[in-house]
Amino acid sequence: MKQYQTRKHVDVAIVGTGFSGLGMAIQLKNRGRDDFVVLEAADELGGTWRDNHYPGCACDVPSHLYSFSFEPNPDWSRMFAPQAEILEYLRHCADKYGIKPHIRYRARVDSAHWDAAAQRWHIRTADGKQLSARVLVSGIGGLSRPVYPDIPGIESFKGKQFHSQQWDHDYDLAGKRVAVIGTGASAIQFVPQIAPQVSQLKLFQRTPPWIIPKPDRAMRWAEKQLFKRLPATQTALRTAIYWQMEARALGFVVDPRLMKLAERWARSHLRKQVPDRTLRDKLKPDYTIGCKRILISNDYYPALSRENVEVVTGGPQEIRAHSVVDQDGHEHEVDAIIFGTGFAATDPIGPLEIRGVNGTDLRDEFSRTGTEAYLGTTVAGFPNLFLLTGPNTGLGHNSMVYMIESQVAYVLDALKTMERRQSESVEVLRSRQETYNETLHGSSAPSVWQSGGCRSWYLDDNGKNVTLWPGFTWQFRRKTARFNAADYQLSDRSRPGVAAPGKPAAA
Ligand code: NAP
């Protein structure tokens, strides 16, 4: 069993054990491809669902959809399962499909270099170990690297401070004066949980989010039984949820004016939940709904109406030894600061050093192209590298697991194509990548993310959408359904590093 973890040379190396890494590993295993290793930086699997364990952490996509299509879970306790249950689900999947023996824990990948002569990736982990792989699949995800805000004086704070993703459960918040910075998807989940415990909560809101009701409820015993006895009923529920969520893309990509209906819904939610006009005015967004992620919650607004909670608008100006200073210069004394300030989402590779053909650094390549890939998965100059949840594969309206499964199927077809064509490597043609991105960014320009009057992590510093798929998810699935060899240069197995005659053009 242990042999997979200790191998020095493997066919496929996967980085990460979240939905992406495990999804890839499971499908390799299902096809009898055992020669792979999964490199995991931590000592436990689970990716974002292991790392985020703040109070109230739960999925904001219904769990019957936010799960692998091949592994439905009839036992989800709620429509929107809590973090611990999703993590347990991932552990179950790794167990059931025999992935655990393939996982190498405490193996943080530092660098990967493409060796053109050997047609392999040389991978180095932080503990100094090395291995080589023919194919490298990154499953590190865009929401794994927490970002602390650039607020003057942040390092001078003498109290307790932590990011939502690095929650310190040993720190007792009871009776403490706490500042929360940020009002995104994470903050709206933990603020209602901690508000009743703390003595005072100062919520620093730079931009109010649009919030709609969360259609959450506990799953009934009879429903779970039905899903177990008649699995088609759970499939039907999954399909219904998928199309309901997919319909939201009409407003995102077809015509932002359609978002007016959603705005009306969100405004009425705010009116119903916040009776106080002054507070309501603070919480009213002034940009088009959907420009930032639409949040869902039934308990966030009521928490803000509590006597011990104050919404401070504008974002902090400065942090001092025992206080946070607001935009009006007013000093708020606090014992602790919790940062709900999000992740480095526009950077798909994080600290990884990936060097492709001629030693080109992927980071430099991304700076040159503006973080572009072909189908969000492959990059010219980087043979046999596949980025799961790569550039422009993120979603603001539906389940990421659907996108991940589309990409995994694409990688599997690439491997099959290499075998059929007797090629050691595939490298996307630069011209195909460029044409693809011209079309993609052309269609993204009129979207609500760029024209909705807000700044979000969907866009890079130049205002370019580098994270979101600007269309329907079924369109992405159609595009990734088949690996088209005509989009790639395929190497000749008998002459490593050399493209086979006529191969790039062949379909
Ligand atoms: P986020 O959506 O990026 O929100 C970050 C918040 O911090 C925003 O309110 C932002 O304000 C604020 N902020 C950043 N820098 C600031 C500064 N210098 N001063 C004041 N405020 C500052 O991060 P997140 O809430 O962690 O969520 C990230 C993503 O994770 C989500 O969009 C979602 O995709 C995912 N997520 C998913 C779930 C789920 O249930 N599936 C749950 C949590 C998170 P501005 O708006 O003004 O920039």
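Numbering of ligands and ligand atoms starts at 1, following listing order. Counting from 1, the numbers follow the sequence of the chain as shown.
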Fill in the blank from the handout: Looking only at non-hydrogen atoms, the one of Arg206, Gln165, His163 nearest atom 17 (C) of ligand 1 is Arg206
Completion exercise
Quick look: Phe343 vs ligand 1, heavy-atom contacts under 4.0 Å, and the answer is side chain
Exercise for the section: May I ask you to check whether over 12 heavy atoms, not counting those of Arg455, lie within 6.0 Å of atom CZ? Expected result: yes
Problem - Any residue meeting side chain to side chain contact (heavy atoms under 4.5 Å, CB included) with Asp51, in chain and number order, not counting sequence neighbours - result: Gln165
Practice task
State the atoms of ligand 1, each with its element, that fall below the 4.0 Å cut-off from a heavy-atom position in Gly342.
Solution key: 3 (O), 5 (C), 23 (O), 24 (P), 26 (O)
Problem - Neighbour count above 12 (heavy atom, 6.0 Å) for Lys228 NZ - result: yes
Fill in the blank from the handout: Looking only at protein heavy atoms, what sits closest to atom 36 (N) of ligand 1 is Ala185 CB, 3.9 Å
Exercise for the section: Could you tell me which atoms of ligand 1, counted from 1 in the order shown, lie closer than 4.0 angstrom to a heavy atom of Gly182? Expected result: 6 (C), 7 (O), 9 (O), 12 (C)
Completion exercise
Short version for Tyr54: what comes under 4.0 Å of ligand 1, heavy atoms counted, is side chain
Exercise for the section: Would you check whether Trp457 reaches within less than 4.0 Å of ligand 1, judged by its heavy atoms? Expected result: yes
Exercise for the section: Any chance you could measure Asn73, atom CG, to Glu85, atom CD, to the nearest 0.5 Å? Expected result: 7.0 Å
Problem - Within reach of ligand 1, part of Gln205 (heavy-atom separation under 4.0 Å) - result: neither
Fill in the blank from the handout: So for Pro316 against ligand 1, with non-hydrogen atoms under 4.0 Å, the contacting part is side chain
Problem - Check: Asp326 side chain, Gly314 main-chain N or O, donor-acceptor pair, under 3.5 Å - result: no
Fill in the blank from the handout: Looking at Pro209, Gly184, Ala187, the heavy atom closest to atom 4 (O) of ligand 1 belongs to Gly184
Completion exercise
Of all protein heavy atoms, the one nearest atom 6 (C) of ligand 1 is Gly340 O, 3.2 Å
Handout entry: Pairs where residues 274-335 contributes a residue and the test disulfide (SG to SG under 2.5 Å) is met, not counting sequence neighbours
Key = Cys291-Cys454
Exercise for the section: Kindly say whether Val325 contributes a backbone atom to a donor-acceptor pair with the side chain of Glu331 at under 3.5 angstrom? Expected result: no
Problem - Heavy-atom nearest option to atom 37 (C) of ligand 1, drawn from Asp60, Leu395, Ile294 - result: Asp60
Exercise for the section: Considering the heavy atoms of Lys292, write down every atom of ligand 1 situated less than 4.0 Å from one of them. Expected result: 45 (P), 46 (O), 48 (O)
Practice task
Hey, can you tell me if Tyr301 and His269 have their rings parallel, tilted or perpendicular (30° and 60° cut-offs)?
Solution key: tilted
Exercise for the section: May I ask you to list the atoms of ligand 1 that are less than 4.0 angstrom from any heavy atom of Pro149? Expected result: 17 (C), 18 (N)
Exercise for the section: Of the side chain and backbone of Arg455, name the one, both, or neither that has a heavy atom under 4.0 Å from an atom of ligand 1. Expected result: neither
Problem - Greater than 12 external heavy atoms within 6.0 Å of Gln244's CD - result: no
Problem - Asp364 atom CG: more than 12 heavy-atom contacts under 6.0 Å - result: yes
Problem - Sub-4.0 Å heavy-atom contact, Ser164 with ligand 1 - result: no
Problem - Ala58 neighbourhood, listing ligand 1 atoms whose heavy-atom distance to it stays under 4.0 Å - result: 39 (C), 40 (O)
Exercise for the section: Would you confirm whether Asn462, through its side chain, and Lys464, through its main-chain N or O, come within 3.5 Å as a donor-acceptor pair? Expected result: no
Completion exercise
Near Ile181 (heavy-atom distance under 4.0 Å), the atoms of ligand 1 are 20 (C), 21 (N)
